[in-house]
Structures are given as structure tokens and as C-alpha cells.
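Numbers restart at 1 for each chain; the letters A, B, ... are given by sequence-line order, proteins then strands.
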Amino acid sequence: MTTSHTPWSPESARALLVEIDEPGPVLVALQTLQAAFGYVHSDSIPIVADVFNVSRAEVYGVLTFYSDLRTTPPLDVEVRICMGEACQAVGARSLRADADALIGPSCDVQNVFCLGNCALGPAAVVNDRMIGRADASTLRDAVMATGAGA
Amino acid sequence: MTTIYVPCDSAARSVGADEIAEALAAALPEARIIRNGSRGMLWLEPLVEVDTPDGRVAYGPVTSDAVASLAEALPTAAAHPLRLGVTDSLPWLARQQRLTFARVGIVDPRDPDDYVAHGGLAGLRAAITIGPAASVEAVFDSGLRGRGGAGFPAGIKWRTVAQEAAEQKYVCVNADEGDSGTFADRMLMEGDPFLLIEGMTIAGLSVGASVGYIYVRSEYPDAITSLRAAITAARERGWLGADILGSGQAFDLHVRVGAGSYVCGEETAMLESLEGRRGMVRPKPPVPAIEGLFGRPTLINNVLTIAAVPFILEHGPEAYGALGTGRSIGTQVYQLAGNVLQGGIVETPFGITLRELVLGYAGGTRSGRPVRAVQLGGPLGAYLTADAMDVSMDYESVAAAGGMLGHGGIVVFDDTVDMAQQARFAMQFCAEESCGKCTPCRIGSVRGVEVIDRIIYGDAPEANRLLLIDLCEVMTDGSLCAMGGLTPMPVLSALRSFSEDFERSDHDHR
Ligand SMILES: Cc1cc2nc3c(=O)[nH]c(=O)nc-3n(C[C@H](O)[C@H](O)[C@H](O)COP(=O)(O)O)c2cc1C
Ligand code: SF4
Ligand code: FES
């Protein structure tokens, strides 16, 4: 996931943006930038505003509303732990505490609310891979399997 | 040739279905391996099936260690410790009545021919034959109600949008499925995406909308891939595009992906998000059916609402209307989640009891401990006690029991649950996900967390209980949408039915 990103540059950002032909394009634009670069560089705000003829405030507002959108590059390993009620019912809170041990210079851990795997909780996602009935050891194995050596 | 099924459903994948499929392919190079959706018996995943003259025979849950011996058994559907029997005869499935989920787990979700071979497109063909006005009336007459949460009659919305004279109208399917404990939309989109496309096309032709959007949450990457592939295949076959099945009518649709906001499941916030803005709730009126996406008349329905439509058109409104109880018509796709022994999908006419679902189908808790609380209807739904489980699972009965059926999610907790923490979580979730438009929700939820904390820590607990009830009243009455308006449901139900938990001294303060 994180390895496939291209390095950010204003030129490549603009090149991606001018290709977008959608009504109501600002959110799609920011998602496109994040998919390409792994994050939305703050210098892209004026570029998005310019390409789609909206205010910078509008772009900034969208960027800060959605929790998926990030303004800093992702680490090699992104662990997301589901903290939805169905996962809480099978130990998500203690899994979250276990996951804290994985946090390091190349591994980040965050909470999410429901991954749609509520019958096989606790659920977690390590980069693109979802893990059902997760526990400290399957989580650690999945992090190891990314090869990033967190 | 042996035909083997290994689900590509993301729940099945989360417990190793991909690895099992690969290992079986290596062990049985002659076999045809189809990646189907899940049959909905999620505790048995990865569930591997093999075609036999008696129907498919199931084995599960399959572990990597079992692949070698399983590969020997599969070609003759032979005995094996994991052999469960003919899938359709397993009591858990045989007792269900699957309309919406009829094809999920049966067909190859990537194959449009398989869809048609299993009866697909019959509803759309019927709709084209009887025409838009009669199609709208069929949906109206069926009594179909919205599955997104509120249970609003679908036919009224369809009529309203159909009656609007506008050059451009839209159909938007709400696939945000943010409620914890719900996954039926996801399983349907992954397991039978053509059904949603067919339903949306019927909707578009019926109400006079030529463009549709499916708003899918970003947490569902497999559903997004499945839908996009199905849309491409449908276009190639003329099921979408300028001339639907040779009818001369046009409809096309697009997938839009959410960005991690629960409130964007609220229909007007979804419209804002589809227009590329912050997901701020719009005041109603105007209702979206009159002024929706880009200010145009817009039909908004949940995935399961739209997915019920092809059946109604194919078999007639009476066939659908004959199922269910009272004003809760048709089948409901219940989702068994949380601390359950046997989690998954149960589709059956409305009116089954909660007890039958939780103790019958789900078999009680996974932990083996007693059931203590059940949350219905997602994070905005009430917590019921174990002795309230005789409630019939239809809209009216659940409401009368102080709960909300919502999207059909059932989250079970055992007796280790701390209900004061669950109440606190409800407020915290609201604080986190509030769109911020109105004060009772934005500020009230933050205050709610603080007040619950004070009760838990024993700081003037009686006065703070009254304050919490008061605050909940303000949120209920003063919020613009159900986010702030219903958050008091889980909070007050916990406070009322599990009041002893607010006096415990051993809370988990994480
Ligand atoms: C905070 C909030 C979240 C919601 N989330 C969803 C959702 O994820 N999916 C959904 O279909 N409806 C959701 N709804 C309900 C929608 O506003 C709307 O009623 C529904 O999509 C209409 O479709 P239906 O009539 O087919 O149920 C939500 C409502 C609120 C207030
Ligand atoms: S109740 Fe909450 S989510 Fe709904 S409009 Fe008000 S602030 Fe937004
Ligand atoms: S609540 Fe965790 S996956 Fe749904």
C-alpha cells in the first residue's frame, strides 16, 4: 500500500487534477491526490482551488472534515483497530491496548468504527489486509508480513 | 470436473479464505475454483463447498492444516472431520427465506451470465414491459419500507420523485452502512452486485432519472471493486447505458467513495458529500425527493431497499406484501454480530423474535457466558436486557419495546459488559462524528461524556444523573438530525435498564 505511492510534486498533482471530470469534484480530487501520494500535501490546497475554481477555504474545509484524509505521509504500516460496539463486545478495548505495543517509527495504530466484519470481531486492518477474530499475535503476524519490520 | 467454491467475501478473507483458495488450487490443479459470496454462516468461514449431484456439500471452517486432507475428500465429497453436509439442508440455512440474499453465495459475483442463469434481470424486464407508472405503483403496493433505518415507505418517495417535472433527476443508493453490527449491504455488494445494479436501473427508469450514484464507505474496498467490475460488465451488455435492454431508455451509474465519516450516512449529509463538500446535514424541507443532489429531485434508498425491488417487479407486489407482519412487510436481513457463537446473515420475514435470533440462530454468546445486553439498530439504537428478548423483530414492536430496528444489526454482549462504559461510548461517538451544525449535538455530546464520567467517578452521582437525563432531553428535542437526536437512546436505555453499572467502582477507564 504505502510503497506504491509516487513522491509529491505540484506538477504531478495538477496533472492528476485536470483529468478529473466529475460534478462536485473537490472530495474526489482530494481522494485522488491521497491515492497517488499517500497523503494530501498542504501545498495542494491552492492547486485544487485553482483547478476547480473554488475557494481555498472550501478545499481546506473538506480536507479537515473527513477522517480518511491526511496531510502527512503515512508510515509503512498502518494498523486500524475497530472500536465499534460489536467489536467491543468481543474485546476490542484490550486489543487496542495490545496494539499500542506495535506503535513505532514505521507503524501507526488508529481507531476506526466498524469495518463490516462484526460477526468475526475483533476486526482490524493492517495496511490493506483485514483480520477477523484478531488478537495480539495475529495482529503482530500481519504487521510482520508487511515486511516493514515494525 | 470438480467445481469448488471458496468465498471472496471480505469476512471470509479476514479469516484466511484467500490462502485456502490458493492452496486448494495448487493441490487440485484440475478443479474449477469459483470465488463466490458468503452463504452468510460467517462463523464457518472459510466455508468451502463442492458441487455434487445432490447439491453443494459444505466443509468448514477450513484451516490451512486441513487443506491437504480436504483436497483428497473434495472430488468425491467424501467424509472429512470438517464435512457439514449438503449446504442447503443445513438447518441454519434451510429455515431462512431468502429473497434479497437468494443469490449471495450461490453465484459468481463477477459473472453476468451466472446472474442471468440464476434468474437475474427478470425484474428489470418486467419493469420495462409494464412501464414506469405501473412500476412505481408496484413498489408502492408492495408495502416495501426503507431498510436504511427509518422504515419510511419506499413507494411514497418513488411517487414523489416520479411526479417531479425536472430535466435531470437522480437515484442515489446509500451504501454508507456505518452502523456497528451491520454488514448486509457489504455482503450483497460483494456477493451479488448485479442485483443492486438491476434494482437501481428499475428505480431510474421508474422515476425518470437517467443517472445514479452509489455512495459506498471507504471501509469497504472489496465492495467497491466488486461494484465497479459489475458496472463495467453491465455496460458492455447493454444493461446500463443509452439503450437499456433495447428499451430505448437510458440509465447509467457511478460509484462514489466516502471518506470515513459516519454522519455522511444521513441522507442530506450524503448529498453534500456527493457534491464534494463537508458532510454537513441540510435542514428539511426541502426533502431530497424534491430538491436533492445538485438541487434536483433525487430518490435516496438504502442498498437493501433497492435490492428488494427486482423481486417485487418479477413476482408482483402481492407476493412481497404477503410476507411479514403488520406494517413491517417483506423479509428483513438480520445481522448477528458481537459476542455470538454463530454470527452471520439471517433473512426471514419480519416477526421472528429476538430470542429466536440470539439464542436460536446465533446460539448464544461466543464466550459461553450469559447474554446480558443486546443493542439493536447501530450506535444510535437502544440496549435491551436479556429478558426483553421476546420482542418480535418488526419496526412497530421494537419501537414499542423502547428500541429501534434500524438496519437490522443485532449486537450481543455477555455479562462482562460495563454498560456505563457503553453509554459513555455512545456520547463519545456522537462527539466524534457530529457534523457540528447544531449545538445540542455538537456540544451536548461532549458534555454528555463529562457528565457520565462524573457519575462513574462518584462525583455527585444523583445530581449528575438528573443532569444527564436533562441533557438527553435537550439533545432529543433540539437536534437537527437523528445523530444528536437518537444518541440519547443507547445512553438512557443503559441508565434505565443497567443502572447498577453506573455505581460500580471497577470501571475499565481506558
Ligand atoms: C447519522 C445517520 C446515519 C445514517 N446512516 C445510514 C447508512 O449508513 N445507510 C443508510 O442507508 N441510511 C442511513 N441513514 C438513514 C438515511 O438518512 C436515510 O433515511 C436512508 O438512506 C433512506 O433510505 P431508505 O428509505 O431506503 O431507508 C442514517 C441516518 C442518520 C441520521
Ligand atoms: S444532530 Fe449532530 S449530526 Fe445532526 S445536524 Fe445536528 S450537529 Fe449535525
Ligand atoms: S463493529 Fe467492528 S467490524 Fe463492525
Residue, of Val125(A), Asn117(A), Val26(A), that accumulates the most heavy atom pairs under 4.5 Å with chain B: Asn117(A)
Heavy-atom donor-acceptor pair, Thr298(B) side chain to Leu293(B) backbone, under 3.5 Å: yes
Portion of Glu432(B) that has a non-hydrogen atom of chain A nearer than 4.5 angstrom: side chain
Which portion of Gln31(A) sits near chain B, non-hydrogen atoms under 4.5 angstrom: side chain
Atom of Ser218(B), atom of Ile224(B) and distance for their closest heavy-atom approach: CA-CD1, 4.4 Å
Proximity breakdown for Gln375(B) and chain A, heavy-atom pairs closer than 4.5 Å: side chain
Step-by-step side chain to side chain donor-acceptor pair (under 3.5 Å) determination, Asp141(A) to Thr138(A): CA-CA 5 Å; Asp141(A) 289 349; Thr138(A) 52; over 6 Å; no
Toward chain A, the part of Pro379(B) with a non-hydrogen atom under 4.5 Å: both
Under 4.5 Å from a heavy atom of chain A, the part of Leu274(B) involved: backbone
Between Ser367(B) and Asp414(B), a side-chain donor and acceptor under 3.5 Å: yes
Salt bridge present between Arg93(A) and Asp418(B) (N-O < 4.0 angstrom): no
Side chain, backbone, both or neither of Ser10(B) within contact of chain A (heavy atoms, under 4.5 Å): both
Chain A contacts, top residue of Ala11(B), Ala426(B), Gly378(B) (heavy-atom pairs, under 4.5 Å): Ala11(B)
Those residues of residues 11-21 of chain A, ordered by number, that approach chain B below 4.5 Å (heavy atom to heavy atom): none
Short side-chain donor-acceptor distance under 3.5 Å, Tyr262(B) and Asp179(B): yes
Gap between atom CH2 of Trp8(A) and atom CG of Leu33(A) - 0.5 Å precision: 9.0 Å
Val211(B), part contacting chain A, at a heavy-atom distance under 4.5 Å: neither
Structural part of Leu336(B) lying under 4.5 Å from a heavy atom of chain A: backbone
Pairwise distance CD1(Ile214(B)) to CE(Met189(B)) - rounded to 0.5 angstrom: 8.0 Å
Proximity breakdown for Phe429(B) and chain A, heavy-atom pairs closer than 4.5 Å: side chain
Heavy-atom contact with chain A under 4.5 Å, split by part of Glu433(B): side chain
Residue Arg277(B) versus chain A: region with a heavy atom under 4.5 Å: both
Residue part contacting chain B, namely of Arg96(A), when any heavy atom lies under 4.5 Å: neither
Contacting region of Arg366(B) [heavy-atom separation from chain A under 4.5 Å]: side chain
Closest-packed option against chain A by number of heavy-atom pairs under 4.5 Å, given Glu45(B), Arg217(B), Met187(B): Arg217(B)
Ring centers of Tyr334(B), Tyr361(B) separated by less than 6.0 Å: no
Distance, nearest 0.5 Å, that separates CD of Glu78(A) from CD of Gln110(A): 6.0 Å
Toward chain A, the part of Val412(B) with a non-hydrogen atom under 4.5 Å: backbone
Chain A interface, residue from Gly279(B), Pro221(B), Ala373(B) that has the most non-hydrogen pairs under 4.5 Å: Gly279(B)
Ring-ring centroid check His5(A) Phe37(A), cutoff 6.0 Å: no
Salt-bridge contact Glu219(B)-Arg80(A) (side-chain N to carboxylate O under 4.0 Å): no
Residue Ser273(B) versus chain A: region with a heavy atom under 4.5 Å: both
Evaluation steps, side-chain contact (heavy atoms from CB on, under 4.5 Å), between Arg70(A) and Tyr39(A): CA-CA 5 Å; Arg70(A) 54 184 303 154; Tyr39(A) 68 110; 3.9 Å; yes
Electrostatic pair Arg13(B)-Glu190(B), nearest N-O below 4.0 angstrom: no
Chain B-proximal positions within residues 42-68 of chain A [heavy-atom distance under 4.5 Å]: Glu58(A), Gly61(A), Val62(A), Thr64(A), Phe65(A), Tyr66(A), Ser67(A), Asp68(A)
Candidate pair Asp222(B) and Cys8(B), rule side-chain contact (heavy atoms from CB on, under 4.5 Å), full reasoning: CA-CA 9 Å; Asp222(B) 290 2; Cys8(B) 63; over 6 Å; no
Stepwise side-chain contact (heavy atoms from CB on, under 4.5 Å) test for Arg186(B) and Asp9(B): CA-CA 9 Å; Arg186(B) 176 186 65 67; Asp9(B) 180 274; 3.1 Å; yes
Where Ser14(B) and Leu120(A) come nearest, the two heavy atoms and their spacing: OG-CD1, 4.3 Å
Separation of Glu275(B) CD from Leu27(A) CG (nearest 0.5 Å): 12.0 Å
Top contributor to chain A contacts, counting heavy-atom pairs under 4.5 Å, from Ala259(B), Ser180(B), Gly258(B): Ala259(B)
Minimum-distance pair of heavy atoms, taken over all atoms of Leu42(B) and Ser38(B): CD2-OG, 3.5 Å
